[in-house]
Amino acid sequence: MSAREGVVYLVGAGPGDPGLMTARSLELIASADTVFYDRLIPPGALDGARPDAELVYVGKHSAGGDVPRFRSHYGYSKRGTSSTGQGAINSMLVEAARAGKSVVRLKGGDPFVFGRGGEEGEALRAAGVEFEVVPGVTAGVAASAYAGIPVTHRDEASAVAFVTGHEDPGKSETALDWDALARFPGTLVFYMGVRRLAENAAALIAAGRDADEPAAAVERGTMEGQRTVAATLGTLAEAVEREGVGAPALIVVGQVVERRESLAWLERRPLSGKRVVVTRARAQASGLAATLRGLGAEVVELPAIRIEPRVGSENVRRAVGSIGEYGLICVTSANGAHLVFEAIAQAGLDARALGGAEKQQVRKGGVNVAGGAGAIVAAIGPGTARALAEHGIRADIVPERFVAEALIEALAPVEVEGRRVLVARAAEARDVLPDALRKRGAEVDVVPLYETVRETPAPEAIDAAQGADYVTFTSSSTVRNLTEALGDRFPRGARVVSIGPITSEAARAAGLEVAVEAERHDVDGLLAALLADAHTR
Ligand code: SAH
């Protein structure tokens with residue numbers, strides 16, 4: 001159910017890995033009028049918010065460089081940009097709900113575990129504002145799990161305590177009972193425990209906890225760059241200091257820490273420890289980047305090109321206005337597929353516009369490969385076919401290899417002579433497909449739906465790319481643009497992975513050595529090639 005007006009949702013965003021956000025949290029973020037968010041929320045957590053939603057940062061620290069950046073077209077609210085006090089947050093929540101807005105209050109982890117969600121709920125109740133609570137995966141459980149530490153274990157820990165490490169042990173009215181914690185028969189998990197680690201460990205040991213008990217600090221649990229430092233209760237503070245462990249980090253004390261030896265899994269993923277540069281346009285990069293991250297890679301997005309839609313051009317409008325008259329429509333990229341439908345929508349039409357008068361059966365080796373009502377639709381590869389499917393169109397023809405030449409081959413059984421053919425593609429694509437179709441007597445309209453223009457890479461991304469293990473290229477235009485944009489800051493030590501022969505050629509022309517070339521010329525093929533290479537190294 002979408003967010004209701006006048007209601008505040010106290011929502012946990014999980015510990016940092018966007019994949020650990022709950023279905024309910026995403027649903028609410030997607031429908032809320034206003035989202036008040038903290039610093040510790042996963043990257044991209046607000047990507048699904050409505051374009052007109054008001055997004056308000058109310059983190060406790062100044063909105064400096066480490067605040068997650070979201071979609072650039074968002075109008076960020078000027079309110080609450082730094083060090084917003086709890087009282088001010090409570091008032092903002094009440095005010096927004098009273099104005100009839102549906103409000104999401106998004107917090108790291110779980111809102112009721114050291115998240116001050118309880119206080120906010122009380123303030124809302126006192127003000128007579130309705131609220132709901134959406135639990136999140138709390139760091140104490142998640143960071144430990146990602147470190148290979150089970151917080152309970154049949155043989156070793158029948159209980160687990162979540163403890164704040166923030167209390168001042170010197171304070172007489174401290175809320176922490178160190179004697180009780182020392183005697184606690186199970187795992188101790190300290191939140192906010194890095195700064196006072198030495199004092200807290202000493203207090204525990206003084207109260208009788210064994211200094212030799214295994215203990216670990218998990219830094220940036222479930223996030224990119226997660227790190228675990230394991231030692232003993234007596235030596236952890238020193239180890240944490242030496243390794244420079246910073247916030248956010250969790251401290252785990254208990255025998256279960258030793259289970260890490262057999263249960264650590266994060267570091268064992270296929271691309272763990274590898275830094276991989278993704279050069280696709282930002283709009284297309286997310287799938288590849290997410291898959292690489294899932295395999296353990298540290299991903300640096302260095303988009304060298306940007307897609308500039310041209311769906312409003314006269315050329316496109318004319319073609320779309322008479323789209324029902326084409327007997328064959330060729331779509332040569334996923335972007336093209338989406339933009340065809342954007343153009344159709346702009347013309348006030350929908351997918352039915354493709355159901356024109358033309359009909360033909362296409363048989364290949366005795367099997368129907370295409371036919372039925374309307375134009376035959378050919379996609380250059382499965383990614384394009386998937387994009388078409390999102391708009392309700394099942395491509396009739398998808399070649400096995402994903403280059404123009406293969407599409408030409410796959411189109412051999414289609415009768416094109418004297419027919420009108422639409423080729424929907426990028427402005428600067430090669431002309432092999434239209435040329436081949438014209439040679440066969442087709443009347444071809446090439447419709448450039450978008451242009452790829454150069455994107456200037458961000459300086460921080462260029463810095464992060466230095467020392468990369470791999471640079472991936474999925475088109476020749478990205479090779480040219482990136483090598484020109486980076487000049488001598490191109491990470492020379494990285495192995496270049498190319499999606500196919502045309503991209504490889506462009507890379508060599510730009511003076512790069514191609515280490516890996518995909519056998520299948522699509523993103524999955526590129527991934528497979530990269531994995532195979534990483535496996536042997
Ligand atoms: N409500 C949050 C906790 C907020 S208190 C939850 O349920 O997880 C903030 C503390 O949580 C940090 O100081 C740190 O100790 C811990 N923490 C939050 N995210 C973390 C992460 N990704 N890795 C390790 N510790 C984390």
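Worth knowing before you read on, the calculation uses all heavy atoms, side chains too, and leaves out hydrogens, waters and symmetry mates. For ligands, and for the atoms within them, numbers begin at 1 and follow the listed sequence.
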Please check: side-chain N/O of [X] versus main-chain N/O of [Y], any donor-acceptor pairing under 3.5 Å?
X	Y	answer
Q466	I462	yes
Q226	T222	yes
S31	A3	yes

Subset of ligand 1 atoms that lie under 4.0 Å from at least one heavy atom of [X]:
X	value
V218	24 (C)
T138	6 (C), 7 (O), 8 (O)
M223	22 (N)
G109	2 (C), 6 (C), 7 (O), 8 (O)
D110	1 (N), 6 (C), 7 (O)

Could you pull out, from [options], the option with a heavy atom nearest to [atom]?
atom	options	result
atom 21 (C) of ligand 1	G221, A142, P135, A249	G221
atom 2 (C) of ligand 1	G193, S144, G108, G115	G108
atom 5 (S) of ligand 1	F114, Y146, F162, F112	F114

Next on the checklist: Parallel, tilted or perpendicular, judged at 30° and 60°: which one describes the rings of F190 and W178?
Outcome noted: parallel
Quick look: R220 vs ligand 1, heavy-atom contacts under 4.0 Å, and the answer is backbone
So for V194 against ligand 1, with non-hydrogen atoms under 4.0 Å, the contacting part is neither
Sorted by chain and number, sequence neighbours left out, ring pair (Phe, Tyr, Trp, His ring centres under 6.0 Å) with F162 holds for Y191
What is the nearest protein non-hydrogen atom to [atom], stated with its residue, atom name and distance?
atom	result
atom 9 (C) of ligand 1	M192 CG, 3.9 Å
atom 3 (C) of ligand 1	V113 O, 3.5 Å
atom 11 (O) of ligand 1	Y191 CD2, 3.3 Å
atom 18 (C) of ligand 1	A139 CB, 3.6 Å

Looking at E224 and R293, is any side-chain nitrogen of the basic one under 4.0 Å from a carboxylate oxygen of the acidic one? yes
Margin query: Whether R116 and E119 form a salt bridge (side-chain N of Lys/Arg under 4.0 Å from carboxylate O of Asp/Glu) is what I want to check.
Written below: yes
**Study point:** Any side-chain heavy-atom pair of F473 and L512 under 4.5 Å
**Key:** yes
Worksheet entry | Sub-4.0 Å heavy-atom contact, K107 with ligand 1 | no
Note: L486 and P491 closest approach over all heavy atoms is CD1-CD, 4.1 Å
Check your understanding: For ligand 1, is there an N or O atom under 3.5 Å from any N or O atom of P15?
Key -> yes
So salt bridge (charged side-chain N to carboxylate O under 4.0 Å, His left out) across residues 232-241, not counting sequence neighbours, yields E238-R242
